[in-house]
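Down below is the structure, laid out as structure tokens.
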Amino acid sequence: MAKKQKHTEQFQNFNIVVFGGTGDLALRKIYPALYHRYIDGQLNCKYNIIAITRKTDQEQTFRSQVRLFLEKNLESSKTNKSEIEAFMTNIHLTVAKEPSVEGYKSLKTFLNKHKDFQNIYYFSTPSSAFGPISKALKASDLAGKNSKVVLEKPLGHSLESSISINDEITQTFEESQIYRIDHYLGKETVQNLMVLRFANNLFERAWDAEHIDSIQITVAESLGVEKRAGYYDQSGALLDMVQNHLLQLVCLVAMEPPFALNANEVRNEKLKILRSLRPFTKDSIRTESIKGQYTRGNIEGSKVSSYLEDIEKYESKTETFVALKTFVDNWRWKNVPFYLRTGKRMKKRYSEIVINFKQVKHNIFPSKEKINNNKLIIRLQPEERIELIQMTKIPGPGGYRYKPTALKLDYMDTFEERFPEAYERLIIDVIRGNQTLFMSQDELVAAWTWIETITNSWKNTNSKNVLYAAGTWGPGDEILNNDESWVTKTWKNK
Ligand code: BG6
């Protein structure tokens, strides 16, 4: 069993009000995250978790569902019936049929019993509801200075809609009260990118166009669209994954060192990267992007259906795969391609960043055998680890023979600590009031602005999906032509 950490930081008492409180995200992620923090001893203050539902008569089903998720989804060593029951006493279900003063009456009565607590409103609903909920909270006098709001993605479906949602929310909450979640930023391995880059002199010195040939970011999933067909078919891989998660990874890999680790500095550096992304045009979209859609296939021995069958909509043109070659047009990254790929129903779940260094300038060895590039491979999930691929002499006679070998740091073997789920870190940061790992509105606008150069160019060129069989690595190689660096061992041979 993992060691309990000592927590000395004292939090202000809080109410966390979860809109969409009986939904999948709340059950799978939010309550288990809070439970983990509770058994770890970090919730050392008074708190209430208030799940908001629109339906009546949900109490019993809801409580047994929460219990089920706490029991099933957590490591067995951590589940203890009496601890679960103690935690459950803090969870309350409240019915609010509509976002209005009338609808929030019982919520208000509850919150008013804890007037000195901070109120955290967690919007785990479609973003079209964010405006009306905020408005009703304000009208109910529940959105004072001591309150915060957490927003789940997707924040709109275009630049315009995301701005208009933001405009509605900011009539109630100030930017300093708004926490836009991108759960990738809460992942341990993603946070480690900051440490890897800014606590190691070695890498930072070689972190630029002079030393780096290309960067690849891959987020492959073997899952399909599960029960989210309605949402996913409106979004597709570009909006569901690239607009947020992959772009945040690009930011962390490419940004300048902030002068200190605080929200303003970090977000400003990320913003500069988003603004430096080279816009796609009618020309570049043809050669530097690919979108795809999965057909029937086989994943780990099981047959799986096609996307169209999964969503039961046979004319859908939504992409379930996207690969892009892009550039960060600034001094540090001049002409270094950033290859981004993500897709559903791929061979395996597998996320990785590969920093592909340049070759040595001159080969002194008599055999003139190829000297491979050094690569720094950052495996985000699963089997989290870092590998540095370097050339090594093959021992024995026969002159200088060499081959690439890996220096490995395996997270699981190196650290005894359990890996907290992304939501644990993020929710705790909301409670403590640290916005560093949350997106600012400016970042969101910059991300949407660039994404729209892709959606518009796809539209203008009438780009079509390339079909790929489920259980393969998708069609990404095509855009690379002869660019060898795209086809790394890591991507092809897994
Ligand atoms: C979500 C997307 O944001 O991230 C999902 O909406 C995707 O479609 C998920 O499956 C991937 O998250 P993770 O943590 O499993 O990599």
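Any value given below was found using the heavy atoms of this structure, including those in side chains, with hydrogens, waters and symmetry copies removed. Just so it is clear, the structure is predicted and the values come from calculations on it, not from any experiment. When a ligand or atom number is given, it counts from 1 through the structure's own listing order.
Against a heavy-atom cut-off of under 4.0 Å, K153 is close to the following atoms of ligand 1: 1 (C), 2 (C), 3 (O), 6 (O). Contact atoms of ligand 1 toward K344: 5 (C), 7 (C), 8 (O), 10 (O) (distance under 4.0 Å to a heavy atom of the residue). Taking every non-hydrogen atom of Q381 and a distance limit under 4.0 Å, the qualifying atoms of ligand 1 come out as 13 (P), 16 (O). Listed by number with element, the atoms of ligand 1 under 4.0 Å from a non-hydrogen atom of H245 are 1 (C), 3 (O), 4 (O).
Ligand 1 has no nitrogen or oxygen under 3.5 angstrom from a nitrogen or oxygen of Y232.
Put simply, part of D240 is less than 4.0 Å from ligand 1, judged by heavy atoms.
Residue contacts with ligand 1 for Y184 involve side-chain atoms from C-beta outward but no N, CA, C or O (heavy atoms, distance under 4.0 Å).
For atom 7 (C) of ligand 1, the nearest non-hydrogen atom from the set E221, E421, K187 comes from E221.
Taking the six-membered ring wherever Trp is involved, the centroid distance between the rings of Y350 and W473 falls below 6.0 Å.
Nearest non-hydrogen protein atom to atom 12 (O) of ligand 1 is H183 NE2, 3.1 Å. What sits closest to atom 5 (C) of ligand 1 on the protein, heavy atoms only, is R228 NH1, 3.3 Å. Nearest protein heavy-atom contact of atom 15 (O) of ligand 1 is R349 NH2, 3.5 Å.
Contact detail for Q381 and Y184: the closest heavy-atom pair is NE2-OH, 3.5 Å.
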Can you check side chain to side chain contact (heavy atoms under 4.5 Å, CB included) on R345 and T320, steps first, answer last?
CA-CA 8 Å; R345 283 282 188 239; T320 59; over 6 Å; no

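Between the side chain of Q177 and the main chain of E174, a donor-acceptor pair closer than 3.5 Å is present. Between the side chain of T342 and the main chain of V219, a donor-acceptor pair closer than 3.5 Å is present. Listed for the E319 side chain is a donor-acceptor partner under 3.5 Å among the backbone atoms of L238.
The pair K153-D182 fails the salt-bridge criterion, with no side-chain N (NZ, NE, NH1 or NH2) lying under 4.0 Å from an Asp/Glu carboxylate O.
Taking the six-membered ring for Trp and thresholds of 30 and 60 degrees, Y307 and Y232 have ring planes more than 60 degrees apart, a perpendicular arrangement.
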